[in-house]
Amino acid sequence: MSIESIIKGKVVEAVNSCYGQGIDDDTVQIQKTRREFEGDLTVVVFPFLRFSKKSPEVTANDLGSFLMENIEVVTAFNVVKGFLNLVIDSSYWISVLNTAFQSENYGFKKLEAGAKKVMIEYSSPNTNKPLHLGHIRNNLLGYSVAQILKANGYEVIKVNLVNDRGIHICKSMLAWLRFGEGETPESTGLKGDHLVGKYYVKFDQEYKKEIEALVANGMDADEAKKQAPLLLEAQEMLVKWEAGDEEVVALWRKMNDWVLAGFDVTYQKMGVDFDKVYFESETYKKGKAIVERGLEEGVLYRKDTGSVWANLEADGLDHKLLLRDDGTSVYMTQDIGTAYERFNEFSIDEHIYVVGNEQNYHFQVLSLVLGKLGYEWSNKIQHLSYGMVELPEGKMKSREGTVVDADELMDEMVNTARDTSNELGKLQGYSTEEAEDVYNKVAMGALKYFILKVDPKKNMMFNPKESIDFNGNTGPFIQYTYARIQSVLKKTVDEGIEFPEFANTDIEISEKESNLIQMIANYPVIIKEAGDTTSPAQIANYVYDLVKEYNQFYHDFPIAKEENVELRAFRMVLSKQVAQVIKSGMELLGIGVPERM
RNA sequence: GGUCCAGUAGCUCAGUUGGAUUAGAGCAAUAGCCUUCUAAGCUAUAGGUCCCAGGUUCGAGCCCUGGCUGGAUCACCA
């Protein structure tokens, strides 16, 4: 039981004993005592004034006396206004450290039978162009949230829904047929996704030329956009594809394979993976049966022209199309179908979709329609909506070439990490392979941390110059602290000091050390909060605060060089435990930590 | 126009059950600290109308109402 909950319980008793009032645990507020006051934990007494009918100071003193008598580890207290500051004995904190130190997977809940089962869908790329910065945020968020939910004891299934069909794919295919001259990834040395992306851009260029030509001949601009031969041909191709035309399907398969092979490389570099991959080419017709049933039950309605709609006016929205006049499905129909299948097939308790905030409306509608159709799990689908990534020059536009390519960005980060490391003269004595592994960890750590430290729902600014900065609130700053701890601990081994199994609780420790233990004690709480709010940013900021605190400690206190053996043992345990929490927290973000850098 | 989200230091961001006369970090700026465990570090100075106006109360960056600014969205596209 944590010290907070013990104090809470005793405060309830104290109010009862002093004022004869029964109160609820939740009315007791406990917080960390602010730096400028003496004490470790603070009870806010304002809520109890209506029971005590005394001034805040007197009330706080009443409660303080009771707590000191009834909780062994409370050794002193002081009162400032309505705040009761409690001093907790250092032996208590050291025992907390020992407990953390001796537990395996500290802060994590184990996966137990009957655990909550969560499916999380992320990435969801289109197979007509390579991944860009926006996808990076999506992938990192999805992967990290999955890690965090696992740490909360959930069973997690990571899935990817690949959008491998539609007019945009046909555009790349058509451009390649027309202008590709048989190029392949092998013949060009390009990654498959980049090769296909090249022709997607090519399509757009040629398409624009056709429009201009038509307009020059006197056609209306809007009409020209619809009548351009290339577009018509692409649409024709899509019809052929849906009809199963052998040639088109074969080409589609070939180019999709190129792209998917390219994605695999990118995913691997990014360090994300999936338990199951779905393809829209296989799921896009799903959901029709469900819609038909909804129609029979009168939950949905059919227009004269034949299309099927849901009326969401009662929920403050408009009408939403579910089947076209010709009876074909739309995006929403497909999502209804796949959601139904997933809840049935895997009997999941919750489904999280990691999708950009431009689709907030879509997911709001999805949940409402599923509710109308009578599925009790309609409120178990959660849209983890994240903001756009903006560049200093403005927005990213794939057609205008102002995107930041994922592969290029990652490569650049690695180069910068390599240069910086060499400049600083680190890693001497490492083999090339070992060194490359470190550059990779540092580079990806910088990129991942930079993105994940921001609250998901906010739009974020990606400044390439700042992102490769390795000082301050960055991934490498955290990794560096970890590496430094490893270095010190290695030194103790070299000097023949045996690593202690636990720290002696009788020693005197400084305020800085006590603070560090209290932060460690808070780690499980942070994991839970990050899970409840599906926010990796909470982990990121926690680890940063911990590291900042540790660096100050490191600067001011000797560890391996401490002469007092008991104290040295304590600091070794403390340092090792801080390192463990850093490593563990970074794992939750999908970031590796090097032993040396 | 309707709906949703955001607005905190020059810049990028923390600040979640409302708590301490003094709202925190980093970057950028200035000034210090390497014969002592990794200086990718530490310390100090400076930098604020928490978008605005009301309201709720012992107490509001946080809650409520109204407004301002920016973004997203409202397709027989996905």
Side-chain angles (χ1 to χ4, degrees), chain A residues 26-27 29 31 33-34 36-37 42 44-47 49 56 80-83 85 124 126 163 165-168 280 284 303 305-309 316-318 320-326 328 330-332 334-335 356-362 364-365 385 387-388 390 392 395 417 420-421 423-424 426 442 446 450 453-455 457-463 465-467 469-481 483-492 494-495 529 532-533 535 537-538 540-542 544-545 548 551-552 554-562 571 575 596-597:
Chain A
D26 296 340
T27 56
Q29 296 176 46
Q31 54 195 249
T33 303
R34 291 183 74 111
E36 57 269 37
F37 302 106
T42 296
V44 184
V45 301
F46 292 109
L49 299 185
V80 181
K81 293 186 174 177
F83 298 89
N85 303 321
S124 316
N126 292 342
N163 181 3
R165 68 165 284 275
I167 189 75
H168 49 288
E280 282 198 13
Y284 77 104
K303 277 191 183 172
T305 50
S307 53
V308 178
W309 298 74
L317 300 175
D318 51 11
K320 189 73 195 174
L321 177 86
L322 295 176
L323 289 179
R324 298 189 183 97
D325 285 344
D326 61 9
T328 54
V330 292
Y331 183 34
M332 185 64 70
Q334 168 192 306
D335 268 4
N357 63 9
E358 69 270 15
Q359 292 195 32
N360 285 354
Y361 177 75
H362 174 81
Q364 199 188 348
V365 171
S385 159
M388 310 190 67
E390 284 161 21
K395 297 223 169 89
T420 307
S421 180
E423 212 171 285
L424 294 172
K426 308 274 181 180
V442 171
F450 189 86
K453 74 177 178 188
V454 182
D455 183 346
K457 68 171 179 272
K458 288 190 178 174
N459 286 359
M460 67 172 291
M461 177 66 71
F462 184 84
N463 186 329
K465 277 188 196 138
E466 254 178 57
S467 68
D469 192 343
F470 296 158
N471 303 312
N473 187 357
T474 64
F477 170 79
I478 294 166
Q479 292 170 320
Y480 177 68
T481 306
R484 223 162 45 163
I485 294 174
Q486 297 312 311
S487 170
V488 177
L489 295 180
K490 186 170 172 296
K491 188 132 289 182
T492 64
D494 293 348
E495 287 174 14
E529 280 173 7
D532 290 346
T533 55
S535 173
Q538 301 217 14
N541 287 302
Y542 164 81
Y544 174 69
D545 288 339
K548 190 103 185 84
N551 277 337
Q552 291 165 8
Y554 175 90
H555 187 262
D556 294 339
F557 297 83
I559 301 161
K561 298 203 165 183
E562 171 59 45
R571 287 182 187 158
S575 296
R596 218 184 111 179
M597 68 184 272

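Reminder, nothing fancy here: chain letters follow the sequence lines and each chain counts from 1. Given the structure is predicted, the values throughout are model-derived calculations rather than measurements.
- Considering only side-chain N and O atoms, A:Lys81 lies under 4.0 angstrom from the phosphate OP1 or OP2 of B:U21.
- At a threshold of 4.0 angstrom between heavy atoms, the contacts of A:Asp556 with the nucleic acid are absent.
- Across all strands, A:Gln29 comes closer than 4.0 Å to base atoms (heavy-atom distances).
- Nearest heavy-atom pair across A:Pro47 and A:Gln29 is CG-NE2, 3.8 Å.
- Using a 4.0 Å heavy-atom criterion, one finds that A:Asp325 contacts the bases of the nucleic acid, with or without backbone contacts as well.
- What you find for A:Ala537 and A:Lys453 is that their closest heavy atoms are CB-O, 3.5 Å.
- A 6.0 Å sphere centred on CD of A:Glu423 holds no more than 12 heavy atoms belonging to other residues, nucleotides or ligands.
- The residue A:Asp494 sits apart from the nucleic acid: no heavy atom pair falls under 4.0 Å.
- Aromatic stacking is not marked for A:Phe46 over B:G59, as the cut-offs of 5.5 Å for the centres and 30° for the planes do not both hold.
- Nearer the 5' end of RNA chain B, as judged by each residue's closest nucleotide, is the contact made by A:Thr33, out of A:Val330 and A:Thr33.
- Of the candidates B:A78, B:C37, B:A72, B:C37 carries the atom nearest the A:Lys561 side chain, counting heavy atoms from C-beta on.
- No N or O donor and acceptor, one from the side chain of A:Thr481 and one from the base of B:A40, sit under 3.5 Å apart.
- Note on A:Thr492: nothing from the nucleic acid sits closer than 4.0 angstrom, heavy atoms only.
- At the heavy-atom level, A:Gln359 lies under 4.0 Å from base atoms of the strands shown.
- Residue A:Ala483 has its side chain nearest to B:U38 when only B:A14, B:U38, B:A78 are considered.
- Among the atoms of the strands shown, none is found under 4.0 Å from any heavy atom of A:Lys490.
- Annotated as syn: B:C34, whose glycosidic dihedral is within 90° of 0.
- With hydrogens and angles ignored, no donor-acceptor pair closer than 3.5 Å exists between the side chain of A:Ser385 and the base of B:C4.
- The residue A:Phe557 sits close to a base: some heavy atom pair falls under 4.0 Å.
- Looking only at distances, no side-chain donor or acceptor of A:Arg324 sits under 3.5 Å from a matching main-chain atom of A:Val330.
- Annotation for A:Leu321 and A:Trp309: closest pair N-CE3, 3.4 Å, computed over non-hydrogen atoms.
- Residue A:Val454 is in sugar-phosphate contact alone, with no base atom involved, counting any heavy-atom pair closer than 4.0 Å across all strands shown.
- Between A:Met332 and A:Leu322 there is a side-chain heavy-atom pair separated by less than 4.5 Å.
- Look at CG on A:Asp455: it is 10 Å from C1' on B:A6, rounded to the nearest Å.
- A:Phe470 comes within 4.0 angstrom of a base, heavy atoms only.
- A:Phe37 qualifies as a stacking partner of the B:A20 base, centre to centre under 5.5 Å and near-parallel within 30°.
- We find that NZ of A:Lys453 is positioned 9 Å from P of B:A14, with the value rounded to whole Å.
- Residue A:Lys457 is in sugar-phosphate contact alone, with no base atom involved, counting any heavy-atom pair closer than 4.0 Å across all strands shown.
- Contact annotation for A:Tyr554: base contact, defined as any heavy-atom pair under 4.0 Å involving a base atom.
- For a distance-only test at 3.5 Å, the side chain of A:Asn471 fails to qualify as a donor-acceptor partner of the base of B:A28.
- Not one N or O on the side chain of A:Ser421 forms a donor-acceptor pair closer than 3.5 Å with the backbone of A:Ala417.
- The side chain of A:Gln552 contributes an N or O atom lying less than 4.0 Å from OP1 or OP2 of B:U43.
- Residue A:Met597 is classed as a base contact, given a heavy-atom separation below 4.0 Å to a base.
- Nucleotides of RNA chain B nearest to A:Met461 and A:Asp469 differ in position, and the one nearer the 5' end is that of A:Met461.
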